[in-house]
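Before any comments, here is the structure.
Hydrogens, waters and symmetry mates play no part in the numbers below; they use all other heavy atoms, side chains included. Just so you know, ligand 1 is whichever comes first in the structure, and atom 1 is the first atom listed for that ligand.
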Amino acid sequence: MELGLTGRIAVVTGASKGIGLAVTRTLAREGVRVVAGARSSSPELDALAADGGVVPVAVDLSTPDGPATLVAAALELGPVDILVNNVGAVSPRIDGFLAVTDEQWLATLNLGLLATVRATRAVLGPMVEAGGGSIVTISSVNAFLPDPTVIDYSATKAALTNLSKSLSKEFGPRGIRLNTISPGPVATDLWLGTDGVAARLGAASGSDPAAIQAAAAGQSVTGRFTRPQEIAELVALLASDVVGNVTGADFVIDGGLTTQT
Ligand SMILES: NC(=O)c1ccc[n+]([C@@H]2O[C@H](COP(=O)([O-])OP(=O)(O)OC[C@H]3O[C@@H](n4cnc5c(N)ncnc54)[C@H](OP(=O)(O)O)[C@@H]3O)[C@@H](O)[C@H]2O)c1
């Protein structure tokens with residue numbers, strides 16, 4: 001399907017690996033110039049930059065100025081058409097709610113919610129001025145599947161989805177579409193890395209991380225984790241005018257893990 005994205009300019013947060021890297025690669029494939037933010041680059045992101053069309057920016061998006069710095073780098077190329085709010089992180093709260101400190105809550109909210117608030121705030125003015133744009137935010141099934149093991153992450157994702165829906169109402173009449181994607185478990189370092197959810201839950205319970213991964217995969221109908229590329233293809237579609245009347249919507253990709261009626 002021709003998405004008509006050639007020549008557009010995008011900002012992707014959390015772009016050095018995982019879902020953000022797949023989104024960056026996919027948008028670049030569609031002819032989009034992508035400004036890709038992470039604290040540090042990666043060999044894969046460097047390779048995309050070497051091919052042209054992708055500009056890596058080293059930035060800590062948990063800082064108050066980080067998201068606006070990233071957006072400013074993109075605005076140097078021209079009007080930003082697409083923002084993908086992807087950055088986020090999770091820390092399993094093995095010892096329960098009572099052990100989660102203010103510092104831990106604030107760190108999760110800073111990266112998981114405020115980085116998106118700040119990037120979106122930085123991009124919306126220029127987008128409105130340019131007459132339109134598409135903002136896609138990577139939320140999680142935990143937005144509506146509250147989980148005490150990731151209690152601050154779940155609450156943050158609920159806020160993120162809510163934020164996107166509110167903004168779609170305020171900015172829709174000015175040509176901006178905002179949508180969220182809510183994945184279940186995805187095969188990235190967040191879940192499967194050496195410090196990922198499977199490794200940390202495994203260490204806490206004395207179980208093999210592979211068994212924890214298999215149990216999580218077994219909860220979905222398809223029996224597997226989603227691939228980052230499967231998220232990236234939906235991001236590209238939502239970024240395009242092909243689905244120009246889709247806004248304020250949430251798209252679940254979880255292999256049938258959750259049931260919505
Ligand atoms: N994987 C899943 O199962 C899953 C499920 C549902 C939703 N999600 C959501 O999908 C999004 C991406 O997750 P992922 O699985 O792709 O994670 P990931 O593999 O851990 O990648 C995270 C990316 O964010 C960057 N990052 C982390 N902290 C940063 C900071 N302070 N400033 C700038 N960049 C930062 C990382 O690069 P640096 O470390 O170099 O900064 C990396 O590029 C998150 O919002 C996550 O909540 C993931």
Please give the remaining members of the hydrophobic cluster of V150, linking ILVMFWY side chains under 4.5 Å, ordered by chain and number.
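Besides V150, the cluster holds V90, I94, Y153, L190, W191, L192, V197, L201, I212, F225.
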
Are there over 12 heavy-atom neighbours, none belonging to E129, within less than 6.0 Å of that residue's CD?
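No.
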
Search all heavy atoms of G14 against all heavy atoms of L61 and return the closest pair with its distance.
N-CD1, 3.9 Å

Decide yes or no on salt bridge (Lys or Arg N to Asp or Glu O under 4.0 Å) for D241 and R8, but give the supporting numbers first.
CA-CA 12 Å; D241 299 336; R8 304 241 169 130; 2.9 Å; yes

Residues that A122 engages under side-chain contact (heavy atoms from CB on, under 4.5 Å), provided they are two or more places apart:
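Scan of A122 (side-chain contact (heavy atoms from CB on, under 4.5 Å), adjacent residues dropped) gives A68, V71.
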
With sequence neighbours excluded, what pairs up with A73 under the side-chain contact (heavy atoms from CB on, under 4.5 Å) test?
V35, V57

Contact residues of ligand 1 (heavy atom under 4.0 Å), by chain and number:
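Near ligand 1, by chain and number: G14, A15, S16, K17, G18, I19, A38, R39, S40, V59, D60, L61, S62, N86, V87, G88, L111, I138, S139, S140, Y153, K157, P183, G184, P185, V186, T188, D189, L190, W191.
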
